[in-house]
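Only one structure is covered here, and it is reproduced in the block below.
Along the sequence shown, residues carry numbers from 1.
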Amino acid sequence: MTYLAKDRPIATKHIKWIAAALIMLSLLVGGLTLAPATGWASNIYDARILQRMKFSPNQRVKVKRIIRQSDREIAVVFRKHGINPKAKPEFDKLQRASSELQAIEAKEKRQMKKVLSADQYKTYLGLLQATAARVIKATRTKP
C-alpha cells in the first residue's frame, strides 16, 4: 500500500492510473503562460513547454494552437470539478476529473506527435512526466 495525504491508503495498482491523470493535468504545459489573463500562469501544473523547448517558427505556431485548445478544454474541466490550479492539488478532485482530463491528454499528445520531431516529442513527454511527479508529490505533502 502507498499512502497519500491524510494517511489514506491507495492500492499500488492505482498509482499508474493516478500518474496518468496527473500527467494529463501537466498538459497545461506552456499554455497557461500563453494566456496570463486567466491568472493561472506559474502554477504547479505548468510544464512550461514553450519556454523549455526549441521550436521552429512553424512548429511554435502549431504548438501554441494545440496548447491553447487544450488549455480551454482543461479550464472547463477544472471549473466543473472545482480544481484551483494555484492551490495545493486535491487528490479526490483530480480523481473525479481524471477521465475527462485523460481524453484531453490523448488528443493533445496525438496532435503534438504530428508537429514535433521524435526527439522533441521524447523531450515533451519527459517534461510532462516531471510535472506529473511534482503534482503527485504535492498531493502527498502536508499543508
Side-chain angles (χ1 to χ4, degrees), residues 1-55 59-143:
M1 284 288 189
T2 301
Y3 291 86
L4 294 177
K6 298 181 184 176
D7 295 323
R8 292 179 302 205
I10 183 160
T12 304
K13 67 181 180 179
H14 295 293
I15 294 296
K16 184 176 179 182
W17 172 84
I18 293 164
L22 295 174
I23 286 171
M24 202 300 319
L25 289 175
S26 70
L27 287 175
L28 294 174
V29 282
L32 298 179
T33 59
L34 291 174
T38 64
W40 288 13
S42 300
N43 64 63
I44 194 168
Y45 304 104
D46 189 352
R48 302 183 55 83
I49 299 297
L50 290 172
Q51 291 76 22
R52 293 181 173 178
M53 291 182 66
K54 294 184 182 188
F55 301 108
Q59 283 179 315
R60 184 167 286 279
V61 168
K62 291 176 181 178
V63 167
K64 281 183 179 182
R65 190 177 329 119
I66 294 166
I67 289 171
R68 281 188 178 129
Q69 180 60 37
S70 291
D71 187 28
R72 285 190 293 268
E73 293 173 12
I74 289 167
V76 169
V77 173
F78 272 27
R79 280 191 300 273
K80 177 180 174 182
H81 293 280
I83 297 169
N84 178 352
K86 290 194 171 195
K88 181 179 184 239
E90 296 180 54
F91 176 78
D92 294 337
K93 289 180 180 181
L94 295 174
Q95 187 176 22
R96 283 193 300 273
S98 67
S99 63
E100 293 168 86
L101 295 171
Q102 286 174 345
I104 298 167
E105 172 190 20
K107 178 179 154 188
E108 182 172 293
K109 282 182 177 180
R110 283 190 307 272
Q111 292 172 332
M112 292 293 262
K113 195 168 191 174
K114 292 177 184 177
V115 173
L116 305 177
S117 69
D119 286 341
Q120 286 174 316
Y121 188 71
K122 185 177 178 180
T123 300
Y124 163 76
L125 294 177
L127 290 172
L128 296 182
Q129 288 174 338
T131 303
R134 189 171 61 241
V135 173
I136 290 169
K137 183 177 179 182
T139 64
R140 293 179 177 169
T141 59
K142 294 182 180 184

- Contacts of Lys113 that satisfy salt bridge (Lys or Arg N to Asp or Glu O under 4.0 Å) - sequence neighbours left out: none

- OH-CD distance between Tyr124 and Gln129, expressed to the nearest 0.5 angstrom: 11.5 Å

- From Arg52 CZ over to Thr123 OG1, what is the distance, rounded to the nearest 0.5 angstrom? 12.0 Å

- Sub-4.5 Å side-chain heavy-atom contact between Phe55 and Lys64: no

- Item | Flag side-chain contact, heavy atom, 4.5 Å: Phe78 against Leu101 | yes

- Message: So Glu105 and Leu128, do their side chains get closer than 4.5 Å, heavy atoms only?
- Response: no

- Gap separating the CZ atom of Arg72 from the CD1 atom of Ile104, nearest 0.5 angstrom: 11.5 Å

- Item | Considering all heavy atoms, the nearest Lys93-Gly82 contact | NZ-O, 2.9 Å

- Task: Name all residues meeting the side chain to side chain donor-acceptor pair (under 3.5 Å) criterion together with Ser117; count only those two or more places apart in sequence or in a different chain, and write none if there are none.
- Result: Gln120

- Task: Drop me the distance from Lys122's NZ to Leu127's CG, to the nearest 0.5 angstrom.
- Result: 13.0 Å

- Are any non-hydrogen side-chain atoms of Val63 and Leu116 less than 4.5 angstrom apart? yes

- Query: Atom CD1 of Ile49 and atom CD of Glu108: how far apart are they, to the nearest 0.5 Å?
  - Reply: 8.5 Å

- Query: After noting the C-alpha distance and the side-chain angles of Ile83 and Glu90, does the key distance pass the side chain to side chain contact (heavy atoms under 4.5 Å, CB included) rule?
  - Reply: CA-CA 8 Å; Ile83 297 169; Glu90 296 180 54; over 6 Å; no

- Task: Could you tell me which non-hydrogen atom of Glu100 sits nearest to which non-hydrogen atom of His81, and how far apart they are?
- Result: OE2-NE2, 2.6 Å

- d(Ile67 CD1, Gln111 CD) to nearest 0.5 Å is 10.5 Å

- Test salt bridge (charged side-chain N to carboxylate O under 4.0 Å, His left out), reference Glu73, set Arg68, Lys80, Lys107, output is Lys107

